[in-house]
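Structure, as structure tokens:
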Amino acid sequence: MKTLKIAIQKSGRLNEKSVELLKNCGLNFENYKSSLISPVSNFPLEILFLRDDDIPEYVQDGIADLGIVGENVIQETEVEVSYLQRLGFGKCSLKIAVPNNSDINSLADLHGKAIATTYPAILGKFLKQQNITSDIRTISGSVEISPGLGLSDAICDLVSTGGTLKSNGLKPFADVMSSEAVLIGSKAVAESDLVLELIQRIQSVLRAKETKYVVLNVEKKNLDAVIALLPGVKSPSVVPLAEEGWVAVHTVIPERDFWDRISQLKQAGAQGIVVMPIEKIIL
Ligand code: ATP
Ligand code: MG
């Protein structure tokens, strides 16, 4: 069987989460920092550790079959690859920001102004759609200091919490794109059995992350009210307790409305609620 290659970031914001995801998929490998390639001992796969900027092209050219990289990098490099799976980490937005005291108040005010960015292709497309002509200044890093240095009137950069903007006296002004880490594949392998197997493993890990396993005790007379509150579960397991008239209910609850759901369950008579993480959900 052909061994696949997956490219992930060598170091930086996506490295740790990419390694963790692959390990949670049951893949055994050393997280070599000094070596470019690490073989997986229990799956026909090799991990390539690269700079994130290089990943889209490596995948497009078939040097790597798969890659984990931010959507922002894929859009900027304008490559032909297949999007296989959103991964739910590395979330950020590409935003235009201006100094706090700037007189730029609307997108139209950007006309004729200088905008510093490391994302000239994405920004160029965005401005074109808005019919705005600005002077895009491509720089390779530390974009946030360029207005202070008099290099630009605005910047276009990745933001997650906004802390870096704030500490540089900048305020976010317009959203250009939102991004998260995605699994990409070369057109040649996107449908292969091995890739589908890996995608299934990844999906089972992602599903598990979004849900919690919950066990609770309830008096039989309140059981229907409790079951009515359980979302999207066809048949929660109901197990009799030693104490007459009481049962334990086992179910899964989505993380996103977890606290609301728990307080509703308590009001409906649930007691002794135990919540556990789930490792994998295989459908
Ligand atoms: P490399 O050395 O691999 O080229 P880098 O310095 O270009 O790394 P990082 O800063 O590690 O890249 O960011 C990697 C990716 O993490 C980004 O392309 C983006 O998709 C995502 N990301 C999430 N939050 C942020 C943020 N606040 N700033 C920058 N990138 C972020
Ligand atoms: Mg980079």
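Ligands are counted one by one from 1 in listed order, and the atoms in each one are counted from 1 as well. None of these values were measured; they are calculated from a predicted model.
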Check the orientation of F49 and F29. Use parallel for under 30°, tilted for 30 to 60°, and perpendicular for over 60°.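 F49 vs F29 ring planes: tilted.
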When rounded to the nearest 0.5 angstrom, what is the spacing between [atom1] in [X] and [atom2] in [Y]?
| X | Y | atom1 | atom2 | value |
| --- | --- | --- | --- | --- |
| L223 | K220 | CG | NZ | 9.0 Å |
| K280 | K209 | NZ | NZ | 11.0 Å |
| L110 | D153 | CG | CG | 8.5 Å |

Atom-level proximity to ligand 1, residues with heavy atom under 4.0 Å: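 Heavy-atom contacts below 4.0 Å: Q9, S11, G12, R13, L14, R51, D52, D53, G70, N72, V73, G90, K91, C92, L158, S160.
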Looking only at N, O or S atoms, which one in D52 sits nearest to the Mg ion (ligand 2)?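 Nearest N/O/S atom of D52: OD1.
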Please name the atom of D53, limited to N, O or S, that comes nearest to the Mg ion (ligand 2).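 The atom in question is OD1.
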Between K212 and F258, is NZ or CZ placed under 6.0 angstrom from the six-membered ring centre and within 45° of the ring axis?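 Judged by the rule, K212 and F258 form no cation-pi pair.
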Hey, are S146 and S152 close enough side-chain-wise for a donor-acceptor pair under 3.5 Å?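 The criterion, which ignores hydrogens and geometry beyond distance, is satisfied for S146 and S152.
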Shortest non-hydrogen contact from V143 toward A116: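 Residues V143 and A116, closest heavy atoms: CG1-O, 3.4 Å.
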